[in-house]
There are 2 protein chains.
Amino acid sequence: MAEQVRGRGPERRRGEVLLRAVHEAVLAEVAEVGLGQLTMEGIARRAATAKTSLYRRWSNPQDLLLDALHDAHPVEEPSPSGDDLRADLITALTLLVEWLTSPAANAVKAIMTERRRYPDLAEALYERVFDPRGGTFTHTVLRHYAEQGTIDSRLLTPIVFQIGEALVFKLLVDLDRFPTHDELAAIVDQAILPAVGVPRDAATVAEA
Amino acid sequence: MAEQVRGRGPERRRGEVLLRAVHEAVLAEVAEVGLGQLTMEGIARRAATAKTSLYRRWSNPQDLLLDALHDAHPVEEPSPSGDDLRADLITALTLLVEWLTSPAANAVKAIMTERRRYPDLAEALYERVFDPRGGTFTHTVLRHYAEQGTIDSRLLTPIVFQIGEALVFKLLVDLDRFPTHDELAAIVDQAILPAVGVPRDAATVAEA
DNA sequence: ACGATAAGCTACGCGACCGTATCTAAGTGG
DNA sequence: CCACTTAGATACGGTCGCGTAGCTTATCGT
């Protein structure tokens with residue numbers, strides 16, 4: 001049959017190349033139309049491939065999405081330098097924001113938001129993608145400085161570990177944009193450090 | 001024409017009564033199927049009314065939803081007692097959690113989450129529903145105690161005002177349930193109070 | 001009691017996506 | 001260079017929501 005001209009000659013993607021293209025397409029599709037409108041047709045259109053080719057490998061859009069997430073780059077973990085708590089916390093939050101920028105993170109957010117509606121997806125997300133789970137970002141940094149004695153470890157409760165991440169998410173939702181470096185610094189100075197027993201000094205108060 | 005028997009006799013709802021029923025139906029529908037799957041057919045089915053009756057008043061599901069939100073009870077504001085900062089903060093967070101429990105809040109969350117996809121809806125939400133905007137919940141309480149001199153008002157930055165709300169939302173997302181009273185107390189003791197210059201005492205640290 | 005109004009029912013053509021079947025042809029490896 | 005694998009094109013019947021049209025009838029106001 002006559003093939004639609006893509007570029008000029010007939011170039012047919014296979015295997016790995018096609019797979020990547022499809023993975024990219026799902027993530028883009030989720031970002032654009034949302035989890036609720038994710039369809040095989042839509043993905044096929046965006047990936048410029050045939051529906052048939054999708055059904056050959058996956059049985060529904062969710063399966064495909066999970067596969068794409070499984071394949072996405074893992075989250076980079078912070079590695080505390082060891083002598084500057086404030087700087088390391090800011091770095092940790094910066095890493096968080098960078099991850100949140102990725103297409104994969106976008107899809108993950110969508111799934112978490114609608115997890116009641118797609119329980120299987122959410123569950124599989126934990127099992128197949130979030131294996132590590134638990135402490136990342138500021139958690140890692142805070143534990144490091146507690147072990148080293150800079151922080152009183154009795155202050156490190158589950159709530160305290162969440163302060164930084166919680167504020168980044170809140171800012172993200174409220175302002176619908178990613179926090180700036182200064183805002184991350186403010187989170188560290190005004191919320192995290194006081195909670196772990198480092199009082200704010202005059203300088204921080206003045207510039208706030 | 002033969003009417004479906006609802007109960008036994010033909011009872012036809014009109015005006016206010018019907019309106020309420022439809023409003024309830026939209027919110028329930030959003031909760032169940034999500035913003036992306038919100039359809040006139042679905043709402044009509046759930047409200048046990050005819051599609052025609054819906055189109056007579058609204059031109060699409062989003063319009064209808066906005067109308068329902070507009071009508072929903074407003075948010076109750078905290079009224080600080082004035083002599084117990086800690087208790088008033090916990091009360092404020094409790095009010096927040098209570099609001100989050102309502103069907104309307106559920107829909108608002110959905111809209112905020114997908115605001116990129118439904119910019120008109122989000123915008124109208126601000127204009128028609130969130131008129132007050134700005135300071136609610138812990139904000140109100142913190143300002144009160146600052147005016148009264150209990151708190152150093154230089155510490156009350158935008159970030160600090162967000163700590164409580166941010167942690168409630170984070171807990172909500174992470175655990176997929178509403179925080180308990182003890183968790184709210186922990187947020188106040190371990191995150192908000194340190195940030196506003198009230199250091200944690202031995203008792204709070206010990207029980208943490 | 002009797003309009004006027006508003007609600008309800010049915011049915012329609014339209015388009016989107018579904019999941020599958022069938023065929024063609026491009027790319028690959030021996 | 002040939003055979004095999006796999007991607008691509010197309011078409012199908014089915015379901016669902018759309019938005020509208022037409023008609024019937026319950027309910028309200030007077």
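The backbone N or O of Val97(A) lies less than 3.5 Å from a partner atom in the side chain of Thr101(A), making a donor-acceptor pair. Judged purely by atom type and a 3.5 angstrom limit, Asp88(B) uses its side chain to pair as donor or acceptor with the backbone of Ser81(B). Panel note: side chain Tyr145(B), backbone Pro80(B); no donor-acceptor pair is recorded below 3.5 Å.
Checked for salt-bridge contact, Arg116(B) and Asp176(A) meet the test: a charged N lies under 4.0 Å from a carboxylate O.
As a whole-Å value, the separation of Glu16(B) CD from dA7(C) C1' is 16 Å. Put simply, CG on Leu54(A) is 14 Å from C1' on dT20(C), counting in whole angstrom units. The interatomic distance linking Ile43(B) (CD1) with dA7(C) (C1') rounds to 17 Å, in whole Å. Residue Arg12(B) contributes atom CZ, which lies 9 Å from atom P of dA7(C) at whole-angstrom precision. Counting to the nearest Å, the P atom of dC18(C) and the CG atom of Asp63(A) are 14 Å from each other.
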Intermediate values then yes/no, side chain to side chain contact (heavy atoms under 4.5 Å, CB included), Leu35(A) and Tyr118(A):
CA-CA 9 Å; Leu35(A) 251 192; Tyr118(A) 308 93; 3.8 Å; yes

Which is it for Leu38(A) and Leu64(A) under the side chain to side chain contact (heavy atoms under 4.5 Å, CB included) test, yes or no, and what are the steps along the way?
CA-CA 10 Å; Leu38(A) 195 63; Leu64(A) 211 171; over 6 Å; no

When you compare the protein's N or O atoms with those of nucleotides 15-18 of chain D, which come within less than 3.5 Å of each other, and at what distance?
from	atom 1	to	atom 2	distance (Å)
dG17(D)	OP2	Arg45(B)	NH2	3.3
dC18(D)	OP1	Met40(B)	N	3.1
dC18(D)	OP2	Met40(B)	N	3.3
dC18(D)	OP2	Glu41(B)	N	2.9

Mind listing the N/O atom pairs, protein and nucleotides 3-5 of chain C, below 3.5 Å?
from	atom 1	to	atom 2	distance (Å)
dT5(C)	O2	Arg14(B)	NH2	3.3

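The listed nucleotides are dG8(D), dT27(D), dC9(C); the one nearest the side chain of Leu18(A) is dG8(D). Of all nucleotides listed (dG22(D), dG8(D), dA7(C)), dA7(C) comes nearest to the side chain of Arg56(B).
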Side chains of residues 21-31 of chain B: which donor-acceptor partners sit under 3.5 Å, not counting sequence neighbours?
from	atom 1	to	atom 2	distance (Å)
His23(B)	NE2	Asp67(B)	OD2	3.4
Glu29(B)	OE1	Arg46(B)	NE	2.6
Glu29(B)	OE1	Arg46(B)	NH2	3.2

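Judged by atom type and distance alone, Arg13(B) does not reach the base of dA7(C) through any side-chain donor-acceptor pair under 3.5 Å. Between the side chain of Thr52(A) and the base of dA9(D), a donor-acceptor pair under 3.5 Å is found.
Contact annotation: Arg57(A) side-chain N/O to dT6(D) OP1/OP2 distance is not under 4.0 Å. Phosphate contact (OP1/OP2 of dG8(C), side-chain N/O of Ser53(B), threshold under 4.0 Å): present. Contact between the side-chain N/O atoms of Thr49(B) and the OP1/OP2 oxygens of dG8(C) is found at a separation under 4.0 Å.
A heavy-atom distance below 4.5 Å is not found between the side chains of Val188(A) and Thr138(A).
From one end of the helix from dA1(C)-dT30(D) to dA26(C)-dT5(D) to the other, with five pairs defining each end axis, the axis direction shifts by 30° (rounded to 10°).
Note that the CG atom of Leu96(B) and the CZ atom of Phe178(B) stand 9.5 Å from one another [nearest 0.5 Å].
In terms of the side-chain contact (heavy atoms from CB on, under 4.5 Å) criterion, residue partners of Ser153(B) (sequence neighbours excluded) are, by chain and number, Ala146(B). Annotation: side-chain contact (heavy atoms from CB on, under 4.5 Å) contacts of Gln162(A) (sequence neighbours excluded): Leu167(B), Lys170(B), Asp174(B).
In summary, of the residues considered (Thr94(B), Leu171(B), Asp189(B), Leu89(B)), a side-chain contact (heavy atoms from CB on, under 4.5 Å) with Leu184(B) occurs for Thr94(B) alone.
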